[in-house]
Protein chains: 2
Amino acid sequence: MASIHDVAKEAGVSVATVSKVLNDYPDVSDKTRKKVNIAIELLKYQPNVVARGLVKRRSWTVGVLLTVPFTNPFVSELLEGIKTALENSGYDLVRLSTRFDDPTYSFIKHCRSRNVDGVVVFGEGRDNKSIQELVTAEIPTMFIDTDLFGKRAGYITTDNANAIAMSVKHLHELGHRKIAYISGTLGPAVANLRLDGYREGLRVCDIPYSTVYLEVCDYSFDGGSKAARRLLALKDQPTGIVCASDMSAFGAIHEIEKHGLRVPEDVSVVGFDNTYYAEVFKPGLTTINQNIHSIGIKSIEYLILMIENPAYTPPVITEPSNLVIRQTTAPANNG
Amino acid sequence: MASIHDVAKEAGVSVATVSKVLNDYPDVSDKTRKKVNIAIELLKYQPNVVARGLVKRRSWTVGVLLTVPFTNPFVSELLEGIKTALENSGYDLVRLSTRFDDPTYSFIKHCRSRNVDGVVVFGEGRDNKSIQELVTAEIPTMFIDTDLFGKRAGYITTDNANAIAMSVKHLHELGHRKIAYISGTLGPAVANLRLDGYREGLRVCDIPYSTVYLEVCDYSFDGGSKAARRLLALKDQPTGIVCASDMSAFGAIHEIEKHGLRVPEDVSVVGFDNTYYAEVFKPGLTTINQNIHSIGIKSIEYLILMIENPAYTPPVITEPSNLVIRQTTAPANNG
DNA sequence: CTGAAAGCGCTTACAG
DNA sequence: CTGAAAGCGCTTACAG
């Protein structure tokens, strides 16, 4: 690999001059600039970002803290958005190999050691100590779905509450009055906000809230299936079920059909996420579409703004969502 | 951030000595070692990998060339394996933001500029020029599913041919004789090998090969669906269909049911991939399980071996697969 | 056993 | 407009 010294020698100038050409300094004569560029071309020279980073105390690298499995469809789409935003930014993505099981491991030290310019965090609870340190250390950070922010840390999430309220209203408009909710595990902001949305939706529709129609599971197919089983066992079965994920909705549908009922004729079901399969499988799942791709893109765009402008105020963003109506919701069967 | 100089000053020794402690050199007295370690502790010092990398011409970083969408389920699982293997290796993963649309872009230069120690490639055709350069440049590389290898480049893939042959034999054992194959787009090694496997399977089962029963699509739900429609339009409908992906199998099943036929009573269907949904959805899909996770792990393990031992001969690996029998295959309806 | 010095590949005041 | 020198945070012969 040719270094800046090789280029300097080839062009017959100093390395300082080569550096100036590389960095588009104006105080270089056209003649010299040309000589240098020819040498660069000739030697197929490419500046070493690592060396440059050492002196600039930058790395043109964005770290990602992601312990959630890559197989999680939300993660996949998020990464797709992140990738898109990164593509022409000059930054590369580094997945930090974290070791939270090792008590001596420090995520911040890791970031500093790698010189990452900023970090995107998804799927860590706000109780994760490393995460807290991140905001006090004032390393540029974008939190996705983790309700944390600070002087150098922004927060972006979906309008969870509003989304679920929309689903409830949709069922209400179809004549449903017995509307159940299969929540995800409560605790994380995302789950709590969605539950709020369920209650708010009912309130707006003048339907009393009852915990009888509230089930909690882990967002999975099996979880949704079991939750639906319990709901169907009620003497007063719900006619509509709102779910906190597409997977739990798929599980619920499976269970409903196992009980000899039909979706949507007997029971309507609404999902959450609008994953690929919601569209592809039949019947198409009525569900909330989160702009995950957009969340991924924005998290990077804002992160880069923060990185490149120390005075930039980190954003707190609630990304809108929308209800995609397909074939799993229909007018209520009986009043 | 404390630097090695701060530690040296704090401990009252030279930076050279601190460096020796850091790198476990034996020629340091216990007393000095202790002083240094205390200073490190005190200052919460963490060596800067980037600076170290500059002198060692290493980065403890593995680059990944991945232009296939993250939403591709194969990619997700692959990354999960890669992540697992990386977790305690001391290496971090860098996704290089490639720009193949830019004619001046060079993937190798990018790798060199970032100082990555090795790279994992998935989803690029062997005709990609950047890829070819990679093997001639002798940068440690593991190719996944791309049939390329060299002095410093290994290749790992699933036993594609054998896998499809297994599916054919499975159907044959169930009494099927009219066995169709819905292939993925031909050209890439993976698709070609699977087609070879179909023909080999038929041969072993003494069933004549006919292009009438061969359909080609793009691995998608829609593609599988359309391919199945054409097969069902034949006067001599197949009773068993082998597919090159789970998604095309799902599409085929959907089409079969739309024709008023039942799976598996009327037509048996076999998928390929054993994605999450193959297990979760009902009826469970009989399919080929690829050890994608294992492929991800091995690609990293071998890559690191290659990186850390210049004499290591890059491996060419065919990872075994296995048939997972669920509910979409059954004895043939009629002889 | 310890440390001064050179060097990895860059950038940036600063002097000329 | 150009270049010598110092420095980013490390490592590694080498001398003592």
Side-chain angles (χ1 to χ4, degrees), chain A residues 1-40 43-61 90 109-117 308, chain B residues 1-40 43-61 90 109-117 308:
Chain A
M1 274 301 280
S3 81
I4 196 171
H5 285 99
D6 302 317
V7 176
K9 186 186 286 179
E10 176 68 34
V13 300
S14 72
V15 298
T17 300
V18 175
S19 177
K20 283 172 189 164
V21 171
L22 253 22
N23 293 286
D24 281 325
Y25 278 45
D27 61 337
V28 179
S29 73
D30 279 356
K31 204 176 128 207
T32 305
R33 190 181 299 277
K34 190 165 292 175
K35 274 196 301 185
V36 171
N37 280 324
I38 288 174
I40 288 175
L43 301 176
K44 301 201 177 310
Y45 170 72
Q46 171 88 6
N48 183 317
V49 223
V50 173
R52 174 181 291 174
L54 188 58
V55 6
K56 306 267 286 186
R57 294 155 169 285
R58 293 278 311 273
S59 66
W60 292 275
T61 253
K109 279 189 178 178
H110 194 166
C111 290
R112 291 227 167 97
S113 169
R114 276 274 176 234
N115 240 314
V116 298
D117 298 333
E308 298 185 347
Chain B
M1 274 300 280
S3 82
I4 196 171
H5 284 99
D6 302 317
V7 175
K9 187 187 286 181
E10 176 68 33
V13 299
S14 72
V15 299
T17 299
V18 175
S19 176
K20 284 172 188 164
V21 171
L22 253 23
N23 294 286
D24 281 324
Y25 277 45
D27 61 338
V28 179
S29 72
D30 279 355
K31 204 175 127 209
T32 304
R33 190 180 300 278
K34 190 165 294 175
K35 275 196 301 183
V36 171
N37 280 324
I38 289 175
I40 288 175
L43 300 176
K44 301 199 178 311
Y45 170 72
Q46 172 88 3
N48 182 318
V49 223
V50 173
R52 175 181 292 173
L54 188 59
V55 6
K56 306 267 286 186
R57 293 155 170 287
R58 293 278 311 273
S59 67
W60 291 275
T61 253
K109 279 189 179 179
H110 194 166
C111 290
R112 292 228 166 97
S113 170
R114 275 273 177 235
N115 240 314
V116 298
D117 298 333
E308 299 185 346

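Naming: A, B, ... by sequence-line order, numbering from 1 per chain.
Between the Asp117(A) side chain and the Ser59(A) main chain, a donor and an acceptor come within less than 3.5 Å of each other. No donor-acceptor pair closer than 3.5 Å links the side chain of Asn23(A) to the backbone N or O of Tyr25(A). Of the possible donor and acceptor atoms, one in the side chain of Ser113(B) sits under 3.5 Å from a partner among the backbone N and O of Pro47(A).
Taking the nucleotide of DNA chain C with the nearest heavy atom to each of Arg33(B) and Val55(A), the more 5' of the two is matched to Arg33(B). Mapping Leu54(A) and Ala16(B) onto DNA chain C by nearest heavy atom places Ala16(B) at the nucleotide closer to the 5' end.
Side-chain nitrogen and oxygen atoms of Asn48(B) include none within less than 4.0 Å of the OP1 or OP2 phosphate oxygen of dC8(D). Contact annotation: Lys20(B) does not reach the phosphate of dG3(C) (side-chain N/O to OP1 or OP2, under 4.0 Å). Close to dC8(D), at under 4.0 Å from its OP1 or OP2, lies no side-chain N or O of Ser3(B). Contact check, Lys56(B) against dT12(D): a side-chain N or O comes under 4.0 Å of OP1 or OP2. The phosphate of dG3(D) (OP1 or OP2) has a side-chain N or O of Thr17(A) nearer than 4.0 angstrom. Contact between the side-chain N/O atoms of Arg57(B) and the OP1/OP2 oxygens of dC8(C) is not found at any separation under 4.0 Å. The phosphate of dG3(D) has neither OP1 nor OP2 within less than 4.0 Å of any side-chain N or O from Tyr25(A).
If you check dA4(C) for Watson-Crick or wobble pairing at under 3.5 angstrom, you find it has no partner at all.
Between the NE2 atom of His5(A) and the P atom of dA4(D) there is a distance of 11 Å, rounded to whole Å. Between the CE atom of Met1(A) and the P atom of dC8(C) there is a distance of 15 Å, rounded to whole Å. Following rounding to the nearest Å, Arg112(B) (CZ) and dG9(C) (C1') show an atom-to-atom distance of 15 Å. Distance, Arg58(B) CZ to dG9(C) P: 16 Å, rounded to whole Å. Spacing between atom CD of Gln46(A) and atom P of dG9(C) amounts to 15 Å, rounded to whole angstrom units. dG9(C) atom C1' lies 10 Å from atom CG of Asn115(B), rounded to whole Å. In this entry the distance linking CZ of Arg52(A) with C1' of dG7(D) reads 17 Å, nearest Å. Going from atom CD1 of Ile40(B) over to atom P of dC10(D) covers 10 Å, rounded to whole Å.
Atoms CG and CD1, from Leu43(B) and Ile4(B) in turn, are 12.0 Å apart once rounded to the nearest 0.5 Å. Rounding to the nearest 0.5 angstrom, the gap separating the CZ atom in Arg112(A) from the OH atom in Tyr45(B) is 13.5 Å.
At the heavy-atom level, Val13(B) lies under 4.0 Å from the strands shown only through sugar-phosphate atoms. Counting any heavy atom pair closer than 4.0 Å across all strands shown, Ser19(A) reaches a base atom. Among the heavy atoms of the strands lying under 4.0 Å from Asp27(A) is at least one base atom, whether or not backbone atoms are also near.
Here dT11(C) is the nucleotide among dG9(C), dT11(C), dT2(D) with the atom lying nearest to any side-chain atom of Asn23(A). Listed nucleotides dC1(D), dG9(C), dT11(D) differ in distance to Ser29(A); the shortest reach to its side chain belongs to dC1(D). Nearest nucleotide to the Thr32(A) side chain, out of dC10(C), dT2(D), dG9(D): dT2(D).
Just one of Ile40(B), Val36(B), Asn37(B) meets the side-chain contact (heavy atoms from CB on, under 4.5 Å) condition when paired with Leu22(B); it is Ile40(B).
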